[in-house]
Amino acid sequence: MQSQNANVSLEIADRIRVAVENGFEEQTAFLADFVRIPSLRFEEAAAQDFIAESLRKRGYAVDDWTINLSDLEHLAGFGPVMGDFSRARSVVGSHRPSVVKGQSLILQGHLDVVPAGPHEMWTYPPFDPVVRDGWMHGRGAGDMKAGTVAALFALDALARAGFEPAATVHFQSVIEEESTGLGALSTLQRGYRADVAVLPEPSNFTINRAQVGALWFRLRVRGRPVHVAVAADGSNAIMASFDIIRALQGLESEWNVRAASDPVYHDVRHPLNFNAGKIQGGDWASSVPAWCDVDCRMGVLPGQDLNDAKAEIEACISAASRDHPFLSNNPPEVIWNGFQAEGYVLGPEVDPALGVMQDAYRSVFGTDELLVENKMTALTDTRFYGLYYNIPAFCIGPKAENIHGFDERVELESVRKLTILLALFIAGWCGLNPIPK
Ligand code: ZN
């Protein structure tokens with residue numbers, strides 16, 4: 001791949017590298033402070049404050065707004081929210097250069113993290129980051145606070161080296177990546193655009209060429225409550241929900257058989273995963289449960305029509321209910337909420353940016369090997385930029401382990417390399433203006 005802006009001289013690249021090294025201790029401390037904020041869904045305000053304040057201190061033009069669902073509902077990619085969305089915010093810090101020479105850039109990171117599970121199962125407390133053997137432990141350290149912080153400190157390093165990006169850069173801090181993507185969608189609705197969007201999700205320096213889509217839904221199963229003494233006269237909603245879950249596992253198998261002939265995913269083993277991820281039900285140990293709610297996720301292939309996929313899921317649930325004495329007359333309700341996300345495959349429009357990234361990669365790793373591309377069985381916010389707004393978008397990020405699991409951690413050496421990589425990418429893509437002394 002040939003890049004358009006391979007104009008970062010060795011001397012400048014070296015200055016940038018040194019500037020990253022000099023700031024890395026501060027960067028690691030900053031990352032720990034960020035991980036310490038438990039930015040779970042609907043509780044992201046303190047973390048957004050932290051980022052907004054950091055951007056303001058650095059002199060970015062900061063846009064910090066409350067997301068209004070009614071602004072987004074009609075937009076492609078929208079996913080409905082169940083829960084209190086009244087305090088949901090997006091934060092964007094913009095750099096606008098004195099002289100424009102290069103191409104504009106969105107650097108985007110999500111700060112929402114998934115629940116940590118029982119804290120006693122962690123070696124170190126999930127929101128009290130600890131560095132051991134070169135890895136920082138903590139929920140969100142890998143997915144994806146280390147990447148976001150690397151982007152911020154890459155920009156800092158350029159400034160310390162005496163430069164500003166010679167094109168507009170929007171540094172975006174979003175929420176909801178793990179549930180709907182509405183944070184990313186809100187920045188696009190607000191009008192932010194660029195020539196490329198880079199999302200430093202943990203990828204161990206691979207490029208995600210393709211990602212699946214996902215549907216979230218709540219299965220609302222009802223039963224007939226009776227005293228357990230006459231359990232046979234009732235209908236147990238919790239037990240009945242297992243029948244539906246098994247039927248959905250059957251549909252998952254069917255879809256994966258189909259995926260074997262998909263033009264993109266044919267060589268990926270079991271790309272589509274169904275998950276019964278959260279279950280609540282019943283009221284009393286001696287009453288046959290009257291209700292059970294199961295929150296589910298099903299993967300879909302790029303190009304798979306979401307309405308068709310939903311119809312198949314609903315048909316599967318009603319078929320499984322038909323044989324059931326109680327559910328046949330009281331079929332479960334399916335509530336579509338959260339991800340209503342299509343898959344996304346990078347097209348050739350992303351190649352110029354990948355060319356610049358390739359040059360930066362060569363410089364950081366001292367290798368002539370090409371960036372490794374992969375096909376994800378999960379999804380990222382890149383889809384909004386790429387599918388609906390014509391902004392090529394890709395992920396590249398640090399080495400992390402156990403994301404969404406116990407003992408999530410990120411390797412600090414990979415964070416250091418990522419920071420240099422992003423700084424060199426910004427230099428190559430946006431160009432550089434010397435900051436007047
Ligand atoms: Zn992530």
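FYI, the numbering just counts along the sequence from 1. Remember, it's 1-based here, ligands and their atoms both numbered in the order they're listed.
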Pair F153, F30 - check ring-ring contact (aromatic ring centres under 6.0 Å, His included), show working.
CA-CA 10 Å; F153 278 75; F30 183 98; 5.2 Å; yes
Tell me which N, O or S atom of [X] sits nearest to the Zn ion (ligand 1).
X	result
D143	OD1
H110	NE2
E201	OE1

N, O or S from E177 under 2.8 Å to the Zn ion (ligand 1):
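Within the cut-off used here (under 2.8 Å), E177 places no N, O or S atom near the Zn ion (ligand 1).
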Could you list the donor-acceptor pairs under 3.5 angstrom formed by side chains in residues 383-390, with sequence neighbours left out?
| residue | atom | partner | partner atom | Å |
| --- | --- | --- | --- | --- |
| R383 | NH1 | T380 | O | 2.8 |
| R383 | NH2 | T180 | O | 3.3 |
| Y385 | OH | Q108 | NE2 | 3.2 |
| Y385 | OH | Q172 | OE1 | 2.9 |
| Y388 | OH | E342 | OE2 | 2.5 |

Taking R17 first and then E21, would you say they form a salt bridge - that is, a charged N and a carboxylate O separated by under 4.0 Å?
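Result for this pair is no, no salt bridge flagged.
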Let me check something: any side-chain donor-acceptor pairs from residues 258-272 under 3.5 Å, sequence neighbours excluded? List them with distances.
| residue | atom | partner | partner atom | Å |
| --- | --- | --- | --- | --- |
| R258 | NH1 | E312 | OE2 | 3.1 |
| R258 | NH2 | E312 | OE1 | 2.7 |
| S261 | OG | R258 | O | 3.1 |
| D262 | OD2 | V264 | N | 3.0 |
| D262 | OD2 | Y265 | N | 2.8 |
| Y265 | OH | A210 | O | 3.3 |
| Y265 | OH | Q211 | N | 3.3 |
| Y265 | OH | V212 | N | 3.3 |
| Y265 | OH | M376 | O | 2.6 |
| D267 | OD1 | K375 | NZ | 3.0 |
| D267 | OD2 | K375 | NZ | 3.3 |
| H270 | ND1 | L272 | O | 3.4 |
| H270 | ND1 | N273 | OD1 | 2.8 |
| H270 | NE2 | N256 | ND2 | 3.3 |

